[in-house]
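All remarks here apply to the structure that follows.
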Amino acid sequence: MRVGNSVLPLTSRPVMHIDKHQIAQHNQRLEASHGRRFAQLAEDLPNVEKIVQQLNDFQVAIPSWALGTGGTRFGRFSGGGEPRNLEEKIADIGILHALNRSSGSISLHIPWDIPEDYAAIRTLAAHYGLVFDAMNSNTFQDQSGQPLSYKFGSMQHVDRAVRQQAIDHNIDVIKQGMELGSKSLTVWLADGSSFPGQLNFRKAFQNTLECLREVYEALPDDWKMFVEYKAFEPNFYSTTVGDWGQSLLYASKLGEKAYTLVDLGHHLPNANIEQIVALLLMEGKLGGFHFNDSKYGDDDLTTGSIKPYQLFLIFNELVEGMDSRGMDHTKDLGWMIDASHNLKDPLEDLVQSVEAILVAYAQALLVDREALIEAQASNDVVQAQEVLQHAFRTDVRPLVAEARKRAGAALDPLALFRDLDVRGKLIKERGTKAVATGL
Ligand code: RM4
Ligand code: MN
Ligand code: MN
């Protein structure tokens, strides 16, 4: 339920905010023990300054639909104090960014968060040091007042009029993004079929390609289009952009502004995601990344909560692949968290996800590349494993904390979030019944 969308007048701007003074006080309390742990680690790392700088620069976008309680089709258990509109979502990400200085952008889902006053929204975001990351279109739900239904798909649909509606929506999302300073569009299609025979696969593909082409044509020159794939759900027999091969096929046919987007939860069990990432990077076709973790499918759990080693292995390929192409780690790929917070406080969950991402990134930066190349060249399987696991088993948390400290963020964001009783204050401000738009 959306409760108004206008920019808050100054008098009713959020009272909950974290100031520099509170962060400095918190850091002072932890400084002695942090300093010891960091110094000890730094002693063994000749390139520690570079790594801390890289961690400092790394930013992960937060989706506007991740600030409220997530639900399943069986229920939703809100913890209260959820952001009631786009302004409050921006304020929440502002809190997160103040705590960690690594969440400096927001990714909008249209029509869950339609900005009414672009200039005011941009100003508000800038006030928190935030910019607008990828725009996300939504043709997987019917909206009230929408003339045609997406029940049987959007871009794949047998009816040209439905396809046109999906094209128009995506072009509208691009226009909104241009107003906000975004530079990319993520298209995730729920299109597919749930029963054999329901769909002509070839026609579904061709219809989808034709629609994506029209959207692609509307893309400004300095924009990217991310084609996100997903193995199943909501359709259970076939998905029209079902895996990285299909996504790559669309992206290749569309042109150089189109890329594949990898969402960690969108693979069949045991898929070797690190290999997928390596090959997409090799082809210059990896564009964006959605972080989450899972045990079974698109579980959307906290990043790094189930398979931290896999996350490290993926980052290992990302770093290796980006470096081999001379890519900028912070700018050349779109990084975003795409999780759902069913049990945890969404902000605490996001703090944990960002931390897990930075830890895996730091571990990947520690990998002794020369030793690994040498082990590979001599088929020394044992040594290759040693090299990787040495990095993985290094406790890099002091590096991540040091990067945060230098950026003016909290040494321990979660502890500070709790010490300041951020959620309690948000509940006081917004009430226990506040509901955020999203899934
Ligand atoms: C999908 C996919 C998309 C996200 C939606 C909400 O499973 O991950 O990226 O926009 O969920
Ligand atoms: Mn996703
Ligand atoms: Mn997903």
Side-chain angles (χ1 to χ4, degrees), residues 60-73 76 89 105-114 132-143 150 153-155 166 169-170 173 176-177 182 184-192 212 215 224-236 239-244 246-247 250-251 259-269 271 273 276-277 280 286-303 305-306 311 314 333-342 346 349-350 353 357 436-439:
V60 188
I62 307 296
S64 62
W65 62 101
L67 285 321
T69 307
T72 70
R73 62 201 165 105
R76 184 178 189 273
K89 291 179 180 183
S105 58
I106 173 167
S107 190
L108 295 191
H109 223 299
I110 305 294
W112 290 338
D113 289 296
I114 299 177
F132 289 88
D133 200 74
M135 299 294 288
N136 300 267
S137 57
N138 180 338
T139 59
F140 49 88
Q141 289 173 323
D142 286 347
Q143 308 299 330
Y150 294 131
S154 56
M155 292 191 174
H169 166 68
N170 274 276
V173 172
Q176 301 202 28
S182 168
S184 47
L185 170 74
T186 298
V187 182
W188 172 65
L189 300 174
D191 292 30
L212 286 173
V215 175
K224 292 178 180 174
M225 183 191 216
F226 300 143
V227 183
E228 183 173 359
Y229 61 89
K230 181 171 178 175
F232 72 97
E233 198 210 14
N235 277 292
F236 293 115
T239 298
T240 300
V241 193
D243 61 20
W244 72 283
Q246 290 163 39
S247 166
Y250 289 110
Y259 297 84
T260 292
L261 183 143
V262 174
D263 181 314
L264 293 182
H266 289 191
H267 304 84
L268 293 174
I273 303 174
I276 293 172
V277 163
L280 284 171
L286 181 63
F289 220 86
H290 284 180
F291 293 104
N292 50 56
D293 210 343
S294 58
K295 179 80 178 155
Y296 300 106
D298 191 28
D299 305 342
D300 281 333
L301 299 176
T302 319
T303 312
S305 62
I306 308 270
L311 185 63
I314 290 168
L333 294 182
W335 310 106
M336 193 190 88
I337 291 174
D338 192 5
S340 172
H341 321 289
N342 304 345
D349 199 336
L350 288 164
S353 277
I357 290 164
T437 44
L439 277 183

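For ligands, and for the atoms within them, numbers begin at 1 and follow the listed sequence. In this chain, numbering begins with 1 at the start of the sequence shown.
Atom numbering of ligand 1 starts at 1 in the shown order; those under 4.0 Å from a heavy atom of D263 are 8 (O). Atom numbering of ligand 1 starts at 1 in the shown order; those under 4.0 Å from a heavy atom of D298 are 7 (O). Shown in contact with H290 at under 4.0 Å from a heavy atom are these atoms of ligand 1, numbered in order with element: 9 (O). Heavy-atom contacts of D338 reach the following atoms of ligand 1: 2 (C), 3 (C), 4 (C), 8 (O), 9 (O) (cutoff under 4.0 Å).
Residue contacts with ligand 1: W188 is placed with no nitrogen or oxygen under 3.5 Å of a nitrogen or oxygen of the ligand (distance criterion only). Ligand 1 has a nitrogen or oxygen under 3.5 angstrom from a nitrogen or oxygen of H266. For ligand 1, none of its N or O atoms has an N or O atom of N136 under 3.5 Å away.
Of the N and O atoms on the side chains of T72 and N342, not one donor lies less than 3.5 Å from an acceptor on the other residue. For the residue pair H290/D338, the side-chain donor-acceptor check at 3.5 Å is satisfied. Side-chain contact, W335 with D133: no donor N or O sits under 3.5 Å from an acceptor N or O. Inspection of the D293 and T303 side chains reveals no N or O donor paired with an N or O acceptor under 3.5 Å.
Comparing heavy-atom distances from atom 3 (C) of ligand 1 across E228, H109, Q141 singles out E228 as nearest.
The residue T186 has no part lying near ligand 1, judged by heavy-atom distances below 4.0 Å. Contact annotation for E233 and ligand 1: no heavy atom of the residue comes within less than 4.0 Å of the ligand.
Looking only at N/O/S atoms, D263 comes nearest to the Mn ion (ligand 2) through OD2. D338 contributes atom OD2 as its closest N/O/S atom to the Mn ion (ligand 2). Taking the Mn ion (ligand 2) as reference, E228 places its N/O/S atom OE2 nearest.
Atom NE2 of residue H267 and atom OH of residue Y229 lie 2.5 Å apart, to the nearest 0.5 angstrom. Note: W65 CH2 to S107 OG = 4.5 Å, rounded to the nearest 0.5 Å.
Between D263 and F289 the shortest side-chain heavy-atom distance does not fall below 4.5 Å.
The Mn ion (ligand 3) has an N, O or S atom of D298 closer than 2.8 Å. The Mn ion (ligand 2) lies under 2.8 Å from an N, O or S atom belonging to H290.
Checking side-chain atoms of D113 against main-chain N and O of L108 turns up no donor-acceptor pair under 3.5 Å.
Contact record, H109 with S64: N-OG, 3.5 Å, taken as the closest heavy-atom pair. Of all the heavy atoms in H169 and N138, the pair that sits closest is NE2-N, 2.9 Å.
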